[in-house]
Amino acid sequence: MTTWRKWGVLLLTMAVLGGCGGGAGGNGSGEPQTSAENPGAVKVKVFKSHTGIGTIPDPSDAHVKYIAEKTGVEYELMTTPPGSEPAEYLNVMIASGELPDILRPIGGVEQTLIQQGGALPLDDLLPKYAPNVWNSIPEEAWNIVRSASEDGKIYYVPKVFLVPERAPLIRKDWIDKVGMKMPETVEDYVELLKAFRDKDPNGNGKQDELPTSGREFGRWMDHLFAIYGVAMWEGYPEWDIYDGKIQYAGVTENMREAIKFIRMLYEEKLLDNETFLNKGEVWQAKINNNLVGSWYHLPANVRDRYNAILTQAPDAYIEAMPIPKAKGFDGFVTQKSMGEPEWMIPAVAEQNAPNALKLLDFFYDPANEEFVRYGIEGQHYVVKDGEKVILPPADDRPLALGMKNFTTAEDMDKRIDETFPKEQRQMVKDMFVVSTADARRIAGDGLPAAVYEGYPDIQSHKLFQEYLTKTVIGELSIEAFDEYVAKWKASGGDQVTERVQAWYDKVKNK
C-alpha cells in the first residue's frame, strides 16, 4: 500500500470513528439545508467520479432546477479534480470532513465505511423513499449485497447490468481492406494483426497502424486474455472457476498462456509497443485517430469514438469480434451483472438520507426515463428532423447528473435507438449479439472487497501488473510467472482464496 493510501485509510478511519464531517450539505450539523436558488428544495451533495467532459452544474442550471421542481431535492454534484486518483481522493475527501450525502464508492471504500460503522443501513429506507429502486433490483442482487456485511444488512445500492458491458471490437473495414475475414482461431487472429501492421489499412501511406492496443498496467486489453479463458475486468484479474474451484484468474495456467501470447504480440509489434505507457486519453486518441485495428471497450459508448474515426475514414465500420479459438482453452467475454457497489449513504448523513434516496429514485422511475436519457433541450440534446439528438460532450457544457445503473437487454435496445443516429444503430446492436454469445457471468460476480481485508497488495493487483508488464516487454522471462505466483501466495493469496470460497459457498446456497 502506498504511503498516500495508508494515510487516506487512516484518516478515513479517524473520520468515521470520530463522526466528523458535514453530510447534508456539509454544514457539520447533519441537518438538511434548504436551497436559496430553488425555494422549497433541500440540498443533497452527490459524489461521483469519472463524470467525463464538462463543467459542474450550479443551482441555477436547468437540469438541476427541473429535478428540484419534480423531487424537492437540489443536487450538488461533486467529483474528482483532473489528474487525481479517484479512490485516494475519495478517501481523503471523506476523512477531511467533506462528506457528501450520497456517494458512488470506489476502490473498496464501501467496506471501510461498513466495517467502521460509517455506512447507513438502507433496508428500511429503500422501500419507503426509493420504491422504484427497491422493486427494480432483483432479490439475487440484494442477497449479494447482504453477503458483503457481517450483519447481513443492505449498505449500498448495487449496479445491475444484465447484458455484457464490454466486448472485443475490431475495424471491419480494415479486415476488408487487407482482403481477409473475421478470425476464427488465434492463429487467424495473429495473421490478421500482421496484415493490419503491414498492409496500410488506414490508407495514409505510412506504417503507423497499431494492430491492437491497451493501456498502462495492461488495462483495457481484456480481449487478449479472453482468448485463453481468463476472467478479466478492465485489466484486473477476477475470480472464477478453474479446476473445479473458485480461483484468482491471475495465478492460473490460463493466465500464464495469455501472458506468453501477449509477449509474442509485443515482440512482433502486433501489440502497440507503447501500451504500458498509454494513459487513457492517449489510448483513446489513437483509436479516434484511425490508428488501432482491434481493441476492447464498451459498445454502448462507441458513438463518439466512431464519429471521430469517421472524420478520417468515412467508410469505417466497427464490429464485435467473436473470441478466436485457442486449442485447449474455452475463451469467453467476462460478464459481471450484479452486486457491484453503486451508491451508498454515509451514517453521518442519516437525517438527509430520505432526500438522497428520493433523488436516486427519480432516476429509476420509469416516468422520468426520457428526461434521464436526454436531459435539457439545447443543453444536452437538439431536435433534428423530428428526433432528439444527444450533443457530444464539451468542456464548456454543464454535466447532467446520472444515477441509474440498471440495464436489461430491452433497456439497451432502447438506449441504442434513442442515443445513436439511425445509420449506426444496427451496427451497435450487432455488437451486442456477438458479445452476448461469447459472454459468461463469472463466479466472482459481486464479490465484496471485505475478502481482501488485511491484504491490500492482493486487492490492488499491483504484483500482477508488475510481472505482466515486465514479462511482456521482455525484462523477465515467462518462467518468472512461477516466482510471481509464489509471491502472490506469500502475500496472502491462500488466505484470501479461503475467504472467497466461503463467500461463494454462502451466496451459491442462498
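In plain terms, the two heavy atoms of Pro398 and Asp61 that are nearest each other are CB-OD1, 3.5 Å. When every heavy atom of Val230 is checked against every heavy atom of Tyr242, the shortest pair comes out as CA-OH, 3.5 Å. The minimum heavy-atom distance linking Asp304 with Pro393 is given by the pair OD2-CD, 3.3 Å. Of all non-hydrogen atoms in Leu192 and Pro183, the two that sit nearest each other are CD2-CD, 3.7 Å. The two residues Asp101 and Pro346 have their closest heavy-atom pair at O-CD, 3.5 Å. Arg303 and Ile390 get closest at one heavy-atom pair: NH2-CG2, 4.1 Å.
Ring-centre distance between Phe464 and Trp488: not below the 6.0 Å cut-off. Aromatic ring centres of Trp295 and His223: separated by at least 6.0 Å. In summary, the aromatic rings of His63 and Phe371 are positioned with their centroids under 6.0 Å apart. Taking the six-membered ring for Trp and the full ring otherwise, Tyr484 and Phe481 have centroids separated by under 6.0 Å.
The line from CG of Leu113 to CG of Asn91 is 8.5 Å long, rounded to the nearest 0.5 Å. From Lys269, atom NZ reaches atom CG of Leu271 across 11.0 Å, with rounding to the nearest 0.5 Å. Separation of atoms CG (Leu210) and CG (Asp272) is listed at 4.5 Å; rounding is to 0.5 Å. Separating the CG atom in Leu270 from the CG atom in Asn273 is a distance of 9.5 Å, to the nearest 0.5 Å. If you take OG1 on Thr407 and CG on Asp413, they are separated by 11.5 Å, rounding to the nearest 0.5 Å. Atoms CG and OG, on Asp445 and Ser337 in that order, are 5.5 Å from each other to the nearest 0.5 Å.
Residues Asp438 and Ser435 bring no donor and acceptor atom of their side chains to less than 3.5 Å of each other. Residues Thr185 and Asp188 have side chains that bring a donor and an acceptor to within less than 3.5 angstrom of each other. At a cut-off of 3.5 Å, with distance as the only test, a side-chain donor of Asn307 or Gln424 sits close to an acceptor on the other residue. Between the side chains of Tyr189 and Ser294, a donor-acceptor pair is found at a separation under 3.5 Å. Side chain to side chain, Asn289 and Gln312 meet the donor-acceptor criterion of an N or O pair below 3.5 Å. Checking Lys487 against Tyr467 by side-chain atom types alone, a donor-acceptor pair falls below 3.5 Å. No hydrogens or angles considered: nothing links the side chains of Thr112 and Glu110 as a donor-acceptor pair under 3.5 Å. The closest side-chain donor-acceptor pair between Gln207 and Asp198 falls under 3.5 angstrom. Judged purely by distance below 3.5 Å, without hydrogens or angles, the side chains of Asn290 and Asn202 never pair a donor atom with an acceptor atom. Side-chain contact check for Tyr228 and Arg256: no donor-acceptor pair (N or O, by modelled atom type) lies under 3.5 Å.
Side chain of Asn368 to main chain of Phe362: a donor-acceptor pair is present (N/O by atom type, distance under 3.5 Å, no hydrogens or angles). The main-chain N or O of Pro299 is never found under 3.5 Å from a side-chain atom of Asn301 such that the two would form a donor-acceptor pair. With hydrogens and angles disregarded, a donor-acceptor distance shorter than 3.5 Å links the side chain of Tyr374 to the backbone of Glu418. Looking only at distances, no side-chain donor or acceptor of Lys199 sits under 3.5 Å from a matching main-chain atom of Lys194. The main-chain N or O of Ile442 is never found under 3.5 Å from a side-chain atom of Asp240 such that the two would form a donor-acceptor pair. Checked by atom type and distance alone, the side chain of Arg441 never pairs as donor or acceptor with a backbone atom of Gln335 at under 3.5 Å.
The pair Glu216-Lys279 meets the salt-bridge criterion, since a charged nitrogen lies less than 4.0 angstrom from a carboxylate oxygen. Contact check on Glu370 versus Arg373 returns no salt bridge, with no Lys/Arg side-chain nitrogen under 4.0 Å from an Asp/Glu carboxylate oxygen. A salt bridge links Glu387 to Arg425: at least one charged side-chain nitrogen sits closer than 4.0 Å to a carboxylate oxygen. With salt bridges taken as basic N to acidic carboxylate O contacts below 4.0 Å, none links Asp365 and Lys404. Ion pair Glu319/Arg171 not flagged as a salt bridge, since none of the NZ, NE, NH1 or NH2 atoms sits closer than 4.0 Å to an Asp/Glu carboxylate oxygen. Ion pairing of Glu340 with Lys159 is present here, as a side-chain N (NZ or NE/NH1/NH2) and a carboxylate O approach within less than 4.0 Å. With respect to Lys429 and Asp417, a salt bridge is recorded, a charged nitrogen being found less than 4.0 Å from a carboxylate O. Under 4.0 Å is where a charged nitrogen must lie from a carboxylate oxygen, and between Lys286 and Glu274 at least one such pair does. Ionic pairing of Asp330 and Arg440 is not present here: no N-O contact between side-chain nitrogen and carboxylate oxygen is shorter than 4.0 angstrom. Using a cut-off of 4.0 Å between Lys/Arg side-chain N and Asp/Glu carboxylate O, Glu184 and Lys325 are scored as not salt-bridged. A salt bridge links Glu238 to Lys336: one of the charged nitrogens lies within less than 4.0 Å of a carboxylate oxygen. Of the charged side-chain nitrogens involved, none lies within less than 4.0 Å of a carboxylate oxygen, so that Lys462 and Glu466 do not count as a salt-bridged pair. Here Glu410 does not pair with Lys414 in a salt bridge; the nearest charged N to carboxylate O distance is not below 4.0 Å.
Both tests hold for Arg219 against Tyr236: distance to the six-membered ring centre under 6.0 Å, angle to the ring axis within 45°.
Residue pairs meeting the ring pair (Phe, Tyr, Trp, His ring centres under 6.0 Å) criterion with at least one member in residues 401-435, sequence neighbours excluded, do not occur.
Taking the side chain to side chain donor-acceptor pair (under 3.5 Å) definition, one finds that His380 meets it with nothing, sequence neighbours left out. Qualifying salt bridge (Lys or Arg N to Asp or Glu O under 4.0 Å) partners for Asp58, counting only residues two or more places apart in sequence or in other chains: none.
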Exercise. Hey, mind stepping through Asp411 and Arg415 against salt bridge (charged side-chain N to carboxylate O under 4.0 Å, His left out) and telling me if it holds?
Worked result: CA-CA 6 Å; Asp411 293 331; Arg415 173 177 171 180; over 6 Å; no
For this session: Start with the C-alpha gap between Gln379 and Arg397, add the side-chain angles, then the distance that decides, and say whether side-chain hydrogen bond (donor to acceptor under 3.5 Å, both in side chains) holds.
Result: CA-CA 7 Å; Gln379 183 167 310; Arg397 185 176 299 126; over 6 Å; no
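Note: Tyr306 and Tyr317 have perpendicular aromatic rings, judged against thresholds of 30 and 60 degrees for the angle between ring planes.
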